Amino acid sequence: LQALGSYLWSDLWDIETNFKKLFSDPMNCLIGLSIVPVRPSMGAGTNVKFGNITTNIALNKLTSQYVEVDCGSLSINEYIGSFLDYSPYVNISIYLPYIGYRELSPDDVMKDTIHVVYHVDVLTGGCCAMIETAKKGLLYSYNGSCCCNVPITAINYSGAIQNAVSAIGSGVTTAVGIATGAAPIAAVGAASMLSNAANTAMNSKPSIQRSGNMGGSAGLMSYQKPLLVITRPRMSVPAKLNKFTGLTSNITMNLSTCKGFTQIEMVHLDSVPCTADERRELLTLLKQGVIF
């Protein structure tokens, strides 16, 4: 690029080249100059030509417009081991470079391995992040822009400054909207209060925006690797809960092996020598809980 810039401003004594430049401006042949965060597929060096002018400056020519970038895989495992590891109790978001944060459904990715692959267009700077899982395949696809345009003329520079000012202005507007907005709380009727308790608790928390516009030069200055943010509830268990209350066992065993307070779900008393009324009373007492 340095050699190419020096050629565009050649010395006056170079009569042959300057004579050709009088009839065709080489700068008009430069469509754009940009930076992309990937290494494209390049071939051998080729002499650059501006119209009918040969510069004798060799630059590598692209052999493919598209580049695939493998960002790796990550396994997501249950933390509690129950329904509390899934929605609406757990929120999962993924940070994607040049795109920002996007929400993922815990029901889609829990107990699975996610794989992130980027497809980048090095000519336009467009990128597409594809998220797939080992069990379900492709589930999510998000697009963004990873191209940072470098000004080559005064017009390009003024346009870049204007775009930066516009991006800052939109970011300030968004921040003010978040700071002054009230978090919506769903009104739940008494009849459906128990069934909607989890949704009410999750919706009552404010939704925090973790990033803004991540395209262009802002994306080049930000973190370059995808990452996951998992938000799950904090479990609060009273002290000595298992000692005084116990937990559901869900196992089958003989009553003779039980000790302490025991509460059963179903029991077979067919072999017990007793009347029908006595059998019903025993069943009722065992379901309510007895001490052996």
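When reading the values below, keep in mind they use all heavy atoms of this one structure, side chains included, and skip hydrogens, waters and symmetry mates. All values derive from a computational prediction rather than experimental measurement.
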Using the rule given for side-chain contact (heavy atoms from CB on, under 4.5 Å), can you reason through Val122 versus Leu62, listing the C-alpha separation, both sets of side-chain angles and the distance that settles it, and then say yes or no?
CA-CA 9 Å; Val122 296; Leu62 296 181; 3.7 Å; yes
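- No side-chain heavy atom of Val69 sits less than 4.5 Å from a side-chain heavy atom of Val117.
- Contact between Ile99 and Asn143 at its shortest, heavy atoms only, is CG1-O, 3.9 Å.
- Between the side chains of Ser75 and Thr113, at least one donor-acceptor pair of N or O atoms lies under 3.5 Å.
- Between the side chains of Tyr140 and Glu132, no donor N or O sits under 3.5 Å from an acceptor N or O.
- For the pair Cys128/Ser141, a side-chain contact is recorded, criterion being any heavy-atom separation below 4.5 Å from C-beta on.
- Across all non-hydrogen atoms, the minimal contact from Cys146 to Pro37 is O-CD, 3.3 Å.
- In this structure, the side chain of Arg279 engages the main chain of Val272 through a donor-acceptor pair within 3.5 Å.
- In this model, no donor atom of one side chain and acceptor atom of the other lie less than 3.5 Å apart for Asn149 and Ser34.
- In this structure, Asp70 contributes its side chain and Gly72 its backbone to a donor-acceptor pair below 3.5 Å.
- With sequence neighbours left out, Asp277 forms a salt bridge (Lys or Arg N to Asp or Glu O under 4.0 Å) with Arg280.
- Sorted by first and then second residue, the side chain to side chain donor-acceptor pair (under 3.5 Å) pairs with a member in residues 282-292 form an empty list; sequence neighbours excluded.
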Run Leu59 and Thr46 through side-chain contact (heavy atoms from CB on, under 4.5 Å) and show every step you take.
CA-CA 5 Å; Leu59 296 179; Thr46 304; over 6 Å; no
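- Gln65 and Asp121 share a donor-acceptor pair across their side chains, judged by distance under 3.5 Å alone.
- Put simply, the side chain of Tyr95 gets close to the backbone of Tyr223: a donor and an acceptor are under 3.5 Å apart.
- Put simply, the side chain of Thr63 gets close to the backbone of Ser41: a donor and an acceptor are under 3.5 Å apart.
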For side-chain contact (heavy atoms from CB on, under 4.5 Å), just list the numbers for Leu96 and Ile131, CA-CA rounded to whole Å, side-chain angles, deciding distance to a tenth of an Å, and then say yes or no.
CA-CA 10 Å; Leu96 298 171; Ile131 304 175; 4.3 Å; yes
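- Sorted by first then second residue, the ring-ring contact (aromatic ring centres under 6.0 Å, His included) pairs that include residues 65-86, not counting sequence neighbours, are Phe83-Tyr89.
- For the pair Asp85 (side chain) and Glu78 (backbone), a donor-acceptor distance under 3.5 Å is absent.
- With Ile94 as reference, Val116 is the one residue of Val109, Val116, Leu74 to meet the side-chain contact (heavy atoms from CB on, under 4.5 Å) rule.
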